[in-house]
There are 4 protein chains.
Amino acid sequence: MTSDRRPGRPRSETARRAILSAAMEELQQHGYAALTVEGIAARAGVGKQTIYRWWPSKADVVLDSLLDLAAERITVPDEGSLPADLVAFLTETFEQRGQRPVLIGLMAQALLDPVFATAFRDRFLFGRRAALREILDRAIARGEIAPDVDPELLIDVVYGVLWYRLLLDHAPLDAAAGRQLASLVVRAVR
Amino acid sequence: MTSDRRPGRPRSETARRAILSAAMEELQQHGYAALTVEGIAARAGVGKQTIYRWWPSKADVVLDSLLDLAAERITVPDEGSLPADLVAFLTETFEQRGQRPVLIGLMAQALLDPVFATAFRDRFLFGRRAALREILDRAIARGEIAPDVDPELLIDVVYGVLWYRLLLDHAPLDAAAGRQLASLVVRAVR
Amino acid sequence: MTSDRRPGRPRSETARRAILSAAMEELQQHGYAALTVEGIAARAGVGKQTIYRWWPSKADVVLDSLLDLAAERITVPDEGSLPADLVAFLTETFEQRGQRPVLIGLMAQALLDPVFATAFRDRFLFGRRAALREILDRAIARGEIAPDVDPELLIDVVYGVLWYRLLLDHAPLDAAAGRQLASLVVRAVR
Amino acid sequence: MTSDRRPGRPRSETARRAILSAAMEELQQHGYAALTVEGIAARAGVGKQTIYRWWPSKADVVLDSLLDLAAERITVPDEGSLPADLVAFLTETFEQRGQRPVLIGLMAQALLDPVFATAFRDRFLFGRRAALREILDRAIARGEIAPDVDPELLIDVVYGVLWYRLLLDHAPLDAAAGRQLASLVVRAVR
DNA sequence: TGTTAAACGAGACGGTACGTCACGTCTTGGA
DNA sequence: TCCAAGACGTGACGTACCGTCTCGTTTAACA
């Protein structure tokens, strides 16, 4: 067994955390459009180079902040029936108050930068899809979903509505909306 | 009846068209992220001021280009039944090949700039929603949609899936996808 | 006869002067080593790009400042005899108090940057040499300089001593030093 | 008698020599302007700290390299007469081909950094002056120099011409130039 | 048929942030 | 204690665009 340390001064965990926090604070206060690498560095008390050394863009910093925060929070309910699972999952998912600035900022960046888009999909969005897929797979096993319904389309419907409302901000995004959508989905798969 | 002419040299229609074309060409060639006002002006053979005189931002130029192109193309099918209408509407809507760079660019801008977001919603997105709403209202009148189904949620489902796939680019966006979604919606509203 | 104006907004004379003054002030206060383009721009109330648009480097700004100031000051004495001319020329030339920071800064830059070195030679140093050459040519015509003495070497001697003392700062650089050198040169050319 | 050893690991002579060589190689290849501490360290296979531990700046490294190389080479001729000594000294001194990049780099640094300027003067330039002074003192003892001629000024003349040509690079710097200057000096001191 | 006034092209302007470079210092494990 | 390695805070670099401004020129309606 050998030491897995690389030579040289190790990466500063203090700086890493200061950067992630600073990014979230700047974002919450001034919005994603006003977010700058220089601003993050200044607030974190860190050199710009320390940011560029570890993250290819400011969006990747924000994504890491989000993943750090959301790490523990993905819970897949297992209530025994599709309607119960869906309501539990969607009411929780739809109550992402405060996350809107983060999510639309990341999405904006993903739309402008294909490289980041891949990271965003793989590290964030696809994880959420997998959680929902688990619920649907259990429902399929129980025979709660008609065999001619494509579960991937159902996932698109659920997250489509979520993101569409997140982006347009034209309709409420809360537990009630989650319940309403859950009931529509249940109706559609019979 | 009065002359609506203002004194001075009138706005140049030539310049206007050159700007809209240049914007679309730049966008198609280099993507929205690389679009700059200076680039548009240079390609159009126009001074920057001429752009700023008539549009508040480059996104508004692109939106105008899009609306110019799409002006005639919003047709609301009326086939006599919800399934037929939906299939007609969605197969056409989902076949927007080539429009993706424009649409995701505008959406990115809308996410970053709340002022433009309003313009984008009011001048583009809500128009699309209204078309679908017309179809649904006719179906409701015919009794094809259960009374406890909120048509606005149905619209969110349809455009949610459309935009979600447009943004993520993880699943096909074509006539087949349109038909699949149409059949799911029909199933859900019974 | 046509207007020789180029199209577009003309160069701002105000900005030009503000930049040259700011450069000289910064240089006098903090020295050439601490001179930065950002510092000049900030003090002049000007964007950095306005400096880069017109000067390839900060050294060229300083050189322009120097030439602006020194424009009128090159006077070639004509007293009728080599000793008198030399004393007049050297006492004046050697009394360049306050210019030392400027001159050694420019020389340092010229040593580090061959492109600027050419500009410095052609626009400043060779002009000084030409003035002395005029004096020597008159002396040659009068037969005051032995024919086997190369006037270019004499110029090197005079400016060599000047610059060597400027650079090393090990010996006085004043009117007395000028007189002493003048008498040595006169002695050498007999 | 005590051991002059300090505790701990002794300084690595290997590293010292690698640093001096690397500095000279970088300088000869890319010029002084492109010389960096990081570049020297990388080429020498040495940590940056090892350089900073022993030298205050990169210029001091180069100065040490130069002094290492030039250690043995200062020879003061003693031919019995001023003209012979001067010709011998100047022809040798002026033939410093290959040294130009080193010398102008060090001079540039000295002009920008007063601390290094002192080191450069004391450790390099004044040693050269002393050699010439020895020759002149012998000539004074022999009565070859008129008593009203300041030998320090003569030294300034000689090194002034040398450095002025080194800096401007406008005239040859070779044995012939050395002989020409020697004959002018001899003429001037009669 | 000139006068008036706004739009036009060109491009310079004061700014902001970018991503990079090198500085000189600090912090590891190993010699 | 020194060494190689390399991360750190710092600060300036030169560039790209922003949105505004100031030129001389063009183009129409009005006088």
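Every chain is numbered from 1 and lettered A, B, ... according to where its sequence line falls, protein lines coming before strand lines. Because the structure is a prediction, the values reported are computed rather than measured.
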Rounded to whole Å, please give me the gap between [atom1] in [X] and [atom2] in [N].
X: Ile40(A); N: dG19(E); atom1: CD1; atom2: C1'; value: 14 Å
X: Tyr52(A); N: dG9(F); atom1: OH; atom2: P; value: 15 Å
X: Leu112(D); N: dA22(E); atom1: CG; atom2: C1'; value: 16 Å
X: Ile51(A); N: dC8(F); atom1: CD1; atom2: P; value: 11 Å
X: Arg17(A); N: dC8(F); atom1: CZ; atom2: C1'; value: 16 Å
X: Leu35(A); N: dT16(E); atom1: CG; atom2: C1'; value: 15 Å
X: Arg43(A); N: dG9(F); atom1: CZ; atom2: P; value: 17 Å
X: Trp55(C); N: dA12(E); atom1: CH2; atom2: P; value: 13 Å

Roughly how far apart are [X] [atom1] and [Y] [atom2], rounded to 0.5 Å?
X: Asp60(C); Y: Trp54(C); atom1: CG; atom2: CH2; result: 14.5 Å
X: Leu67(D); Y: Arg123(D); atom1: CG; atom2: CZ; result: 5.0 Å
X: Ser12(C); Y: Arg17(C); atom1: OG; atom2: CZ; result: 9.0 Å
X: Arg53(B); Y: Arg11(B); atom1: CZ; atom2: CZ; result: 9.5 Å

Using 4.0 Å as the upper bound for N to carboxylate O, is an ion pair formed by Asp169(B) and Arg121(A)? no

Heavy-atom protein contacts under 4.0 Å, nucleotides 3-8 of chain E, coded B base, S sugar-phosphate only, - none: --BBBB

Give a yes or no on whether a donor-acceptor pair under 3.5 Å exists between the nucleobase atoms of dG9(E), that is its base, and the side chain of Lys48(B). no

Taking every non-hydrogen atom, the tightest pair across Leu20(C) and Val61(C): CD2-O, 3.5 Å

The answer to which of Ala44(D) and Glu38(B) contacts DNA chain F further toward the 5' end, by nearest nucleotide, is Ala44(D)

